[in-house]
Amino acid sequence: MSVTYELIHKDKFTGARAGILHTPHGDFLTPIFMPVGTQATVKTLSPDELEDLGAGIILGNTYHLFLRPTADLIQRAGGLHKFMHWNKGILTDSGGFQVFSLSTIRKITEEGVMFNSHIDGAKKFLSPEISIQTQFKFGSDISMAFDECIPYPADYNYTKNSTARTHRWAERSLNAAAAGQAVFGICQGGMYEDLREESSKFIASLDFAGCAIGGLSVGEPKEIMYKMLEVSTKFLPENKARYLMGVGTPDHLIEGVMRGVDMFDCVFPTRVARNGMAMVSPKTSARGRLVIKNAEFTEDFTPLESDCDCYACKKNFTRAYIRHLVRADEIIGLRLLTLHNLRYLQRFMAAMRQAILDDRFNEFRADFFGA
RNA sequence: GCGGCUCUGGUGAAGUGGUUAACACGUCGGAUUGUGGCUCCGAUAUGCGUGGGUUCGAUUCCCACGAGUCGCC
């Protein structure tokens with residue numbers, strides 16, 4: 001198997017795990033946060049900047065790249081790594097999520113999903129086989145199985161049927177994989193404990209390189225999400241990486257890690273950066289965020305965070321300056337916030353890992369939540 | 001000097017003799033979780049150039065004054 005997980009240490013008092021993910025493009029310390037680079041770029045940043053801030057694996061998107069510039073073109077370019085000039089890890093989402101979130105018109109059948117491109121409306125088709133083959137053409141280090149991300153709320157029968165189909169698609173995804181292609185399976189089950197358990201057990205039983213937990217953080221109350229997360233991780237194998245898809249915010253990352261999750265991805269840090277928000281520690285701001293456009297920063301000539309080593313803070317770009325840039329719609333403002341937010345999460349993940357190694361994850365968590 | 005026209009929030013502007021003066025931008029807040037640099041949601045004129053008058057009631061009608069603008073001498 002080209003991608004493997006090595007468990008280094010498990011926190012003595014929680015389910016938190018510190019490990020190493022081995023991939024064709026390097027070994028990466030877990031728990032890890034993967035910045036999202038949907039269209040073969042983490043918006044606003046160059047690969048060098050990404051590497052400098054400590055990113056190890058980034059997430060690319062089958063749906064978007066499949067439509068434009070197409071998998072064949074990327075293959076002719078020499079693969080996604082070469083095409084976008086990124087030599088570290090790339091995990092690609094299967095496209096299942098976007099078929100449901102971006103396309104207004106689609107039809108699900110046992111075979112796959114017929115949908116209209118959000119770019120030009122053209123009729124397109126994605127199936128487990130097509131998705132896996134597409135990800136192979138990209139040369140992704142980790143390919144994701146094709147699944148349906150069930151919306152919230154969803155009734156029991158719909159959830160049960162959809163999850164069962166996702167399971168059949170999981171087997172087909174695995175069967176479609178080329179030799180050496182690492183594929184992660186995805187658990188679903190909606191917000192029903194029995195279906196979550198069943199899905200988790202099923203995905204765990206297949207020969208995937210890792211297991212993902214999907215369908216969470218889709219609008220449900222956090223108590224429900226944490227409960228589902230617990231049920232899902234409980235039945236996943238210890239010797240494979242667990243990946244919680246689409247999460248998240250610092251509080252969710254902590255809760256995920258505590259329940260034994262190793263990998264995360266989320267648009268949050270990069271998207272909110274482009275909307276003028278800086279993620280900061282609760283010590284810097286009780287809310288854990290600075291809405292940099294707010295008037296309170298008009299004449300604030302301090303950096304976003306005094307103890308941050310990101311490019312923006314290290315060079316002492318001030319809050320007042322970044323506020324001005326964002327208000328004036330200047331690109332560098334988005335870039336500085338993106339650099340900061342991603343660096344913030346890198347340091348955050350590293351701090352969690354150290355806490356696990358020291359068997360003091362509970363203290364880390366309590367400290368974060370201000371207990 | 002004479003004549004015409006116009007004066008509504010930070011800005012551009014709708015509008016009506018009768019409860020809360022459209023809308024847009026800006027400003028001030030908020031949202032954002034397997035990415036549309038997209039977007040969405042709140043708040044924001046106790047007052048309609050100033051002073052009188054008519055009227056049960058005037059931002060709306062009338063008069064005077066002021067300011068701006070155009071034209072003529």
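The sequence lines fix the lettering, A, B, ..., with proteins before strands; numbering per chain opens at 1.
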Separation of the P atoms in B:C2 and B:A64, to the nearest angstrom: 13 Å
In whole Å, I'd like the distance from the CG atom of A:Asn61 to the P atom of B:G36. 8 Å
Ring centroid separation A:Phe348 to A:Phe368 under 6.0 Å: yes
Measure CE/A:Met245 against C1'/B:U33 and give the value in whole Å, please. 12 Å
Rounded to whole Å, how long is the line connecting atom NE2 of A:His64 with atom C1' of B:G37? 14 Å
If we take the P atom in both B:G49 and B:U16, what is their distance in whole Å? 16 Å
B:C38, OP1 or OP2 - any side-chain N/O from A:His118 closer than 4.0 Å? no
Choosing from B:U33, B:G30, B:C28, which nucleotide comes nearest the side chain of A:Asn294? B:G30
Touch class at under 4.0 angstrom, heavy-atom based, for A:Gly215 against every strand present: base
What is the nucleic acid contact for A:Ile331, judged by heavy atoms within less than 4.0 Å: base, sugar-phosphate only, or nothing? base
Proximity to the side chain of A:Ile186 - top-ranked nucleotide from B:U32, B:U33, B:G34: B:G34
Once you apply a heavy-atom cut-off of 4.0 Å, does A:Met277 come out as touching a base, just sugar-phosphate, or nothing? base
Once hydrogens and angles are ignored, does a donor-acceptor distance under 3.5 Å link the base of B:G37 to the side chain of A:Asp329? no
With respect to A:Leu337, which candidate in A:Leu342, A:Leu304, A:Leu325 satisfies the side-chain contact (heavy atoms from CB on, under 4.5 Å) definition? A:Leu304
Ring centres of A:Tyr5 and A:Tyr243 under 6.0 Å apart? no
Phosphate OP1/OP2 of B:G30: any A:Asn275 side-chain N/O under 4.0 Å: no
Using a cut-off of 4.0 Å on non-hydrogen atoms, how would the nucleic acid contact of A:Val291 be classed: base, sugar-phosphate, or nothing? sugar-phosphate
Quick one: which of B:U27, B:G34, B:U33 gets closest to the side chain of A:Cys149? B:G34
Using atom CG of A:Leu334 as one end and atom P of B:C38 as the other, report the distance to the nearest whole Å. 8 Å
Secondary-structure stems for RNA chain B, with pairs counted as Watson-Crick or G-U when both distances are under 3.5 Å and runs at least 3 long: B:1-7 with B:66-72, B:10-12 with B:23-25, B:26-31 with B:39-44, B:49-53 with B:61-65
Looking at A:Arg287, I'd like to know whether one of its side-chain N or O atoms comes within less than 4.0 Å of OP1 or OP2 on B:A31. yes
How about A:Gln135 and A:Ser140: does a side-chain donor come under 3.5 Å of a side-chain acceptor? no
In whole Å, measure the gap between the C1' atoms of B:C38 and B:G17 for me. 46 Å
Between B:U54 and B:C41, how far apart are the two P atoms, rounded to whole Å? 49 Å
Can you check the distance between B:U60 and B:G68, where both ends of the measurement are the P atom (answer in whole Å)? 23 Å
Between A:Tyr321 and A:Asn316, do the side chains contain a donor N or O and an acceptor N or O under 3.5 Å apart? no
With the side chain of A:His252 defined as its heavy atoms from C-beta on, choose the nearest nucleotide among B:U33, B:G37, B:A31. B:U33
Do we get A:Lys201 above A:Phe235's six-membered ring, with its NZ or CZ under 6.0 Å from the centre and within 45° of the axis? yes
Do A:Arg259's NZ or CZ and the ring of A:Tyr226 fall within the cation-pi criteria of under 6.0 Å and 45°? yes
Measuring only the P atom in each nucleotide, how far is B:A14 from B:A22? A whole number of Å is fine. 15 Å
How would you label the contact of A:Gln188 with the nucleic acid (heavy atoms, under 4.0 Å): base, sugar-phosphate, or nothing? base
Give a yes or no on whether A:Leu45 and A:Met84 share a hydrophobic cluster (residues Ile, Leu, Val, Met, Phe, Trp, Tyr; joining criterion: side-chain heavy atoms under 4.5 Å apart). yes
What is the distance from CE of A:Met279 to C1' of B:U33, rounded to the nearest Å? 10 Å
OP1 or OP2 of B:A31 less than 4.0 angstrom from a side-chain nitrogen or oxygen of A:Arg289, does that happen here? yes
Closest to the side chain of A:Arg274, out of B:G37, B:U39, B:G34, is B:G37
Report the nucleotide, chosen from B:G37, B:U27, B:G29, that has the shortest atom-to-atom distance to any side-chain atom of A:Lys43. B:G37
Ignoring the backbone of A:Thr249, work out which of B:G34, B:U33, B:G30 is nearest its side chain. B:U33
Interatomic distance where CZ belongs to A:Phe297 and C1' belongs to B:U27 [whole Å]: 17 Å
Write down the distance separating the P atoms in B:U69 and B:G52, rounded off to the nearest Å. 28 Å
Using the C1' atom as the point on both nucleotides, what is the distance between B:A43 and B:U59, in whole Å? 24 Å
Give me the atom names and distance for the closest heavy-atom approach of A:Arg196 to A:Ile213. NH1-CG2, 3.8 Å
Output the rounded distance in Å from CD (A:Glu220) to P (B:U33). 12 Å
Using a 4.0 Å heavy-atom cut-off across all strands, classify A:Arg323 as base, sugar-phosphate, or nothing. sugar-phosphate
Taken to the nearest whole Å, CD/A:Gln39 to P/B:C38 is 14 Å
Could you pick out which residue, A:Glu330 or A:Gly96, lies toward the 5' side of RNA chain B when each is mapped onto its nearest nucleotide? A:Gly96
Report the relative orientation of the aromatic rings in A:Tyr156 and A:Tyr192; use parallel for angles under 30°, tilted for 30 to 60°, perpendicular for over 60°. perpendicular
